[in-house]
Protein chains: 2
Amino acid sequence: MLSETGDLAKSPRRKSQAITIETVARVAGVSAMTVSNVLNNSKPVREATREAVMRAVRDLNYTPNLAAKALAGADTTRIGLLLSRDDFSFISSVLGGAVEATSALGAQLMTRRLGHQSHDEVLAAAQDVVVAGANALVLPGLYAGILQEELRNGLIDVPVVAASVGDEIEGIWSIRIDDEAAAYDMTTSLIALGHRRVGFLRAEEKHLVHKTRFAGYARALAEAGLALDPSLVVTSPLSFDSGIAAADAFLDRTDRPTAIFASNDDTASAIVAMAHKRGLRVPDDLSVAGFDDSPLALRMWPRLSSVRQPVTEIARKATELAISLARLSGETPAHRTDIIDHTIVMRESTAPLAEGLVCA
Amino acid sequence: MLSETGDLAKSPRRKSQAITIETVARVAGVSAMTVSNVLNNSKPVREATREAVMRAVRDLNYTPNLAAKALAGADTTRIGLLLSRDDFSFISSVLGGAVEATSALGAQLMTRRLGHQSHDEVLAAAQDVVVAGANALVLPGLYAGILQEELRNGLIDVPVVAASVGDEIEGIWSIRIDDEAAAYDMTTSLIALGHRRVGFLRAEEKHLVHKTRFAGYARALAEAGLALDPSLVVTSPLSFDSGIAAADAFLDRTDRPTAIFASNDDTASAIVAMAHKRGLRVPDDLSVAGFDDSPLALRMWPRLSSVRQPVTEIARKATELAISLARLSGETPAHRTDIIDHTIVMRESTAPLAEGLVCA
DNA sequence: CTGAAAGCGCTTACAG
DNA sequence: CTGAAAGCGCTTACAG
């Protein structure tokens with residue numbers, strides 16, 4: 001999805017009043033060329049000059065005219081973005097954020113769609129988009145996780161920013177929520193409802209959330225003085241179909257958990273479906289919570305409690321960062337992570353544990 | 001104007017030999033300005049001249065440089081697009097197609113997001129985007145249906161193209177599938193599976209598909225020699241929540257239908273959920289089919305049979321049409337409709353009627 | 001480290 | 001109906 005504010009486009013062209021590079025140059029007391037050099041880092045500029053220019057730019061609120069840049073033959077900044085072909089909710093938000101950023105900053109977006117998500121395919125796609133001219137890459141968490149070896153070893157030739165990556169990856173930039181804290185918060189919410197046996201559907205190792213979301217779950221149990229029962233933790237791919245299979249592991253047992261926290265909404269939804277198949281009532285017999293607050297959460301019955309991450313915002317920030325890294329010449333700044341706030345959304349799929357079931 | 005003029009000859013920067021308006025002008029034996037006038041319909045041009053120019057354009061496969069156009073102050077073509085805030089699957093596809101078209105043809109996309117879909121809000125949004133400068137509008141079917149009065153009466157000041165509108169609207173252009181035929185095909189498929197009591201969840205009147213999809217359903221029954229039982233037709237909003245309510249009307253009766261065909265996937269999914277709640281098995285006790293083949297269809301259990309329309313393609317074509325209409329000066333061509341092919345996708349939510357239930 | 005000048009490919013007054 | 005010229009706001013050789 002694109003901008004929530006509604007406008008994908010720029011306002012109608014205002015010619016006369018526009019502030020040009022000439023204006024900036026005059027105010028800063030330099031030539032237009034020097035302004036250009038400062039802005040594009042294209043040639044070394046004396047520090048005092050650079051500061052004067054930047055001050056003028058800021059004071060005048062100057063924005064370069066993209067058409068003129070393009071016509072004059074400037075190298076366009078190209079941002080490569082890998083997208084999954086399936087993950088509809090996530091990718092439309094990611095795409096929206098990325099488009100916002102690229103169109104605001106005058107960069108070009110190059111997307112690659114991936115069908116499977118094998119290591120080789122992801123690596124090939126990343127390399128392909130770099131060869132095709134991308135100056136920086138934005139990798140949604142899953143792909144960053146899959147390529148973590150390559151990323152750590154600097155095998156990708158351009159700056160990489162991971163969006164919603166679920167955990168730190170040394171050697172790249174990232175914008176994400178604190179997955180550990182988010183999982184802790186949701187687990188704590190379930191415990192607060194009276195649940196003592198809380199199952200956890202854990203992502204596979206290739207997802208970095210494998211570690212962080214599980215850690216949050218474990219910490220919440222520990223703080224509540226509950227033992228972590230390893231048989232209540234089921235590792236599974238995060239697709240709906242895999243969730244169907246994983247549901248058996250939770251439900252085919254006499255000492256079923258009273259609540260299950262799944263690492264995404266697709267699998268949570270699958271667990272609800274299988275619970276219904278067995279004649280269990282949700283949330284009366286079983287509470288279920290997911291992660292992502294995808295559109296699916298409101299298109300199932302009962303509606304799903306979930307953890308929301310502001311994906312569009314994360315993608316926008318990641319893309320903005322990728323653009324500035326791509327435009328940098330000279331030394332690159334140190335890698336860092338920006339943490340964005342998450343939200344816990346409780347709906348009808350979770351409820352206080354029925355009286356009789358509460359363990360004393 | 002040949003290159004002997006010295007200045008031109010020793011141009012410091014010769015980029016790739018892109019074909020410019022100069023080239024076209026030379027080949028056509030006219031000035032660049034005349035080429036520009038022909039291409040933009042900006043001034044009257046003699047027919048012979050126009051033809052010579054167009055031939056050169058075609059022969060050289062000339063495409064105008066958008067950056068130069070913009071810089072030179074050409075009026076940008078702005079296409080307004082109204083989008084629903086909820087309908088995630090549909091809008092991401094619509095948006096994708098619209099972005100494809102606008103970026104390929106150098107137009108600018110202006111989107112407006114609608115929360116509710118009241119007549120007044122939709123009309124206000126359409127007017128707003130026109131006031132903001134849109135030269136043509138692309139309206140997803142629902143909105144075109146809501147505004148049909150205004151559209152028929154020519155109350156919108158710019159050309160309007162409806163995408164997936166579900167039925168003809170006099171006075172505007174449209175790109176859509178044949179909803180009647182699509183509903184006919186799906187109903188016929190259900191009948192072919194042995195079903196004799198096929199329920200139909202019908203859209204509200206404000207959706208134009210209210211008429212066409214119902215007509216296709218009715219025709220299929222008629223051709224199969226089946227009576228249309230009005231009590232098996234339930235009219236409902238197309239949201240998941242409304243589908244939950246509508247499901248009762250189908251299922252709270254002794255002579256339940258053996259199959260239900262819902263006018264979209266959200267409501268079909270709600271019917272499946274309510275069937276499960278009642279302990280009915282899908283498809284063993286009840287077959288369910290939807291319309292749209294949205295991502296939801298693969299994220300429910302069992303997977304949903306549905307009618308697929310190529311939304312991205314439809315949106316792209318609609319946007320292309322809107323762009324050419326916006327760029328036209330002088331008389332506008334007659335309204336027309338382009339019909340795009342649909343696909344029937346059968347999955348596990350539908351199955352041959354169990355032996356015992358087939359009426360002789 | 002800094003600047004004057006040419007030019008990117010188009011369109012828009014302005015003249016015929 | 002058609003064209004010569006100026007100029008949109010940048011960047012890129014080239015020259016200090």
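In the text below, chain A, chain B and the rest are named by the order of the sequence lines, each starting its count at 1.
- The shortest distance between the side-chain N/O atoms of A/Lys69 and the OP1/OP2 oxygens of D/dG9 is not below 4.0 Å.
- With C/dG9, D/dG3, D/dG9 as the choices, the nucleotide that has an atom nearest any side-chain atom of B/Lys43 turns out to be D/dG3.
- Atom CD of A/Glu22 is separated from atom P of C/dA5 by 12 Å (rounded to the nearest Å).
- Within the structure, a side-chain polar atom (N or O) of A/Thr34 is placed less than 4.0 Å from OP1 or OP2 of C/dG3.
- Side-chain contact check for B/Gln309 versus B/Arg176: every heavy-atom pair is 4.5 Å or farther apart.
- For C/dT2, the OP1/OP2 oxygens have a side-chain nitrogen or oxygen of A/Thr49 closer than 4.0 Å.
- With values rounded to the nearest 0.5 angstrom, A/Ile21 atom CD1 is found 8.5 Å from A/Ser31 atom OG.
- Considering only side-chain atoms of A/Val30, the nucleotide from D/dG9, D/dC10, C/dG3 that sits closest is C/dG3.
- You'll find that the side chain of A/Ser31 is closest to C/dG3, out of D/dG9, C/dC10, C/dG3.
- The CZ atom of B/Arg26 sits 14 Å away from the P atom of D/dG3 (whole-angstrom rounding).
- In this structure, A/Leu71 places its CG atom 4 Å from C1' of C/dC8, rounding to the nearest Å.
- If you run side-chain contact (heavy atoms from CB on, under 4.5 Å) between B/Leu151 and each of B/Ile172, B/Ile146, B/Leu137, only B/Ile172 comes through.
- Candidate nucleotides D/dT12, D/dG9, D/dC14 were compared by shortest atom distance to the side chain of A/Met33, and D/dT12 ranks first.
- D/dC1 is paired with C/dG16 under the criterion used here, namely a Watson-Crick or G-U wobble arrangement in which both key atom distances are under 3.5 Å.
- Summarising the geometry, the separation between CG on B/Asn37 and P on D/dC1 is reported as 11 Å, rounded to the nearest angstrom.
- When distances run from any side-chain atom of B/Pro44 to the nucleotides C/dG3, C/dG9, D/dC1, the shortest one goes to D/dC1.
- Phosphate contact (OP1/OP2 of C/dT11, side-chain N/O of B/Ser36, threshold under 4.0 Å): present.
- Ion pairing of A/Arg316 with A/Glu320 is present here, as a side-chain N (NZ or NE/NH1/NH2) and a carboxylate O approach within less than 4.0 Å.
- Listed nucleotides: C/dC10, C/dG3, C/dG9. Nearest to the side chain of B/Ile21: C/dC10.
- Of the side-chain N and O atoms in A/Thr20, none sit less than 4.0 angstrom from OP1 or OP2 of D/dG9.
- With salt bridges taken as basic N to acidic carboxylate O contacts below 4.0 Å, none links B/Asp338 and B/Lys317.
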